[in-house]
Number of protein chains: 2
Amino acid sequence: MVTKSDRLNDRELRAWRGFLTMQDDVRRHMNRQLTSEAGISLAEFSILSALRLQPDRPMRVFELVDTLKWEKSRIIHQLSRMVRRGLVERRASEEDGRGTDIALTAEGRGVIDKALPLHIDHIRRLFFDVVTPRQLDMLADLSEAVLENLEGEPFDQ
Amino acid sequence: MVTKSDRLNDRELRAWRGFLTMQDDVRRHMNRQLTSEAGISLAEFSILSALRLQPDRPMRVFELVDTLKWEKSRIIHQLSRMVRRGLVERRASEEDGRGTDIALTAEGRGVIDKALPLHIDHIRRLFFDVVTPRQLDMLADLSEAVLENLEGEPFDQ
DNA sequence: GATCAAAGGATGACTTGTCATCTACTCAAC
DNA sequence: GTTGAGTAGATGACAAGTCATCCTTTGATC
């Protein structure tokens with residue numbers, strides 16, 4: 001049973017503030033590295049690398065939603081911006097008259113192929129170089145526990 | 001010495017994807033809970049609770065920057081929006097002619113006093129209830145290690 | 001084959017966050 | 001007391017993310 005109280009204790013506060021700050025800073029660093037070395041944002045990187053996982057076929061919008069776990073509308077807006085920049089293409093799906101296939105353009109493929117190794121180098125230096133294997137596994141466990149817990153919560157989906 | 005490679009191994013991938021997804025989802029949940037139960041966003045909550053830490057004096061903008069570790073411009077824009085909504089006030093600083101004091105309005109104080117306990121309840125259910133003390137300390141250590149490491153990196157500040 | 005709920009996706013309005021740039025003031029050196 | 005570098009904060013333009021709403025197609029039921 002968990003002790004309830006109207007404030008966080010020192011241990012909780014340390015972890016929580018550290019987590020929030022770290023996660024915010026890490027995102028900002030990733031964004032800046034990608035912008036300056038590959039000319040794309042972290043959001044664009046996320047979409048492009050999801051598409052790169054299925055190199056030889058386009059993906060449906062809902063597959064991107066499932067892969068990235070973003071809100072549908074967030075994905076769709078991001079795709080619209082990326083279509084404008086020529087990184088991806090929309091095509092009517094052949095299987096489902098309501099559906100849209102999303103495909104990498106040649107430029108999108110070029111960009112992600114260049115960005116991926118640079119980004120992996122970056123997050124290695126940023127993150128993995130100072131995190132022990134034990135911490136890594138604990139973070140994975142913790143993340144999965146929290147994610148699973150989230151599904152039962154109000155304000156979900 | 002760390003093994004370099006152009007891709008993440010399974011262990012790294014599991015932790016990294018879990019972390020990114022979890023952190024994104026947690027933010028979204030916090031935002032929704034605050035919006036629906038207290039009528040403010042997470043960004044507004046962050047500013048208001050920083051101000052609430054010094055209940056009896058206004059804070060300077062740079063103090064908010066130091067406390068929250070946000071970019072200066074992010075803080076300033078957020079403050080402008082919150083002034084518009086009547087949650088905080090700007091006053092010329094008496095000590096420094098360039099400076100601005102930021103103070104809670106009566107409404108801002110009312111809102112944060114109502115929001116704080118609700119939010120703490122929420123993150124307890126969301127997060128602390130499924131995270132062990134050991135994991136908590138590990139997360140704090142990990143966050144501090146990564147934050148410290150970030151300071152030496154390019155793309156900092 | 002008409003009806004209708006649900007699925008797949010798009011759009012608009014609005015908030016949030018970033019970068020680049022700008023103004024006003026301070027403080028030190030001369 | 002000028003000059004000039006650095007500090008404190010503000011602004012504008014744009015990219016991201018959220019919510020509410022909309023349109024079309026599908027698929028089940030009658």
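FYI, side chains are in, hydrogens and waters are out, and symmetry mates aren't considered; it's all heavy atoms of this structure. These figures come from a predicted structure and were not determined experimentally.
Among the heavy atoms of the strands lying under 4.0 Å from Ser41(B) are primed sugar atoms or P, OP1, OP2 only; no base atom is included. In this structure, Asp96(B) reaches the sugar-phosphate backbone alone: every heavy-atom distance under 4.0 Å involves primed, P, OP1 or OP2 atoms, never a base. Within the 4.0 angstrom heavy-atom criterion, only backbone atoms of the sugar-phosphate kind lie near Arg85(B); the bases stay farther away. Arg90(B) comes within 4.0 angstrom of sugar-phosphate atoms only, judged by non-hydrogen atoms across all strands, and of no base. Nucleic acid contact class of Thr35(A) (heavy atoms, under 4.0 Å, all strands): none. When heavy atoms are screened at a 4.0 angstrom cut-off, Thr100(B) is found touching the sugar-phosphate backbone but no base atom. Residue-level contact check: Arg27(A) touches neither bases nor backbone, having no heavy atom under 4.0 Å from any strand.
Using a cut-off of 4.0 Å between Lys/Arg side-chain N and Asp/Glu carboxylate O, Arg74(B) and Asp24(A) are scored as salt-bridged. Of the charged side-chain nitrogens involved, at least one lies within less than 4.0 Å of a carboxylate oxygen, so that Glu89(B) and Arg91(B) count as a salt-bridged pair.
Under 4.0 angstrom from either OP1 or OP2 of dA20(C) there lies no side-chain N or O belonging to Ser73(B). At dC19(D), one or more side-chain N or O atoms of Arg32(B) fall inside 4.0 Å of OP1 or OP2 (strictly under the cut-off). In this structure, Arg60(B) does not reach the dA8(D) phosphate: none of its side-chain N or O atoms is under 4.0 Å from OP1 or OP2. For the OP1/OP2 pair of dT18(C) and a distance below 4.0 Å, the side-chain nitrogens and oxygens of Arg28(A) include at least one atom meeting the criterion. Look at Arg81(A) and you'll find a side-chain N or O under 4.0 angstrom from OP1 or OP2 of dA16(D). Between Arg74(B) and dG17(C), a side-chain N or O to OP1/OP2 separation shorter than 4.0 Å is present.
Counting heavy atoms from C-beta outward, Ile47(A) and Trp70(A) have side chains that approach closer than 4.5 Å. The closest side-chain heavy-atom distance from Glu63(A) to Gln54(A) is not below 4.5 Å. Contact of the Ile123(A) side chain with the Leu8(B) side chain is registered, since non-hydrogen atoms from C-beta on lie closer than 4.5 Å.
Residue order along DNA chain C, read from the 5' end via each residue's closest nucleotide, puts Gln78(B) first among Gln78(B) and Lys72(B). Summary of the strand contacts: Asp24(A) and Phe62(A) both lie near DNA chain C, and taking for each the nucleotide with the nearest heavy atom, the more 5' one is attributed to Phe62(A). Mapped onto DNA chain D by nearest heavy atom, Ile40(A) and Asp101(B) fall at different nucleotides, with Asp101(B) at the one closer to the 5' end.
Note: CD1 (Ile75(A)) to C1' (dT11(C)) measures 17 Å, nearest angstrom. As rounded to whole Å, 15 Å separates atom C1' of dC14(D) from atom NE2 of His77(A). Here dT15(C) presents its P atom at 17 Å from CD of Glu71(A), a figure rounded to the nearest Å. Between Ile76(B) atom CD1 and dT7(D) atom P there is a gap of 15 Å when expressed in whole angstrom units. Between the C1' atom of dG17(D) and the CG atom of Leu42(B) lies a distance of 13 Å, rounded to the nearest Å. A straight line from CG of Leu64(A) to P of dG8(C) spans 14 Å, rounded to a whole angstrom. Atom CE of Met30(B) is separated from atom C1' of dT18(D) by 15 Å (rounded to the nearest Å). The distance between atom CD of Gln33(B) and atom C1' of dT18(D), rounded to the nearest whole Å, is 16 Å.
On a pure distance criterion of 3.5 Å, no polar donor-acceptor pair joins the side chain of Arg98(B) and the base of dA24(C).
With 3.5 Å as the limit, one finds a donor-acceptor pair spanning the side chains of Arg90(B) and Ser80(B).
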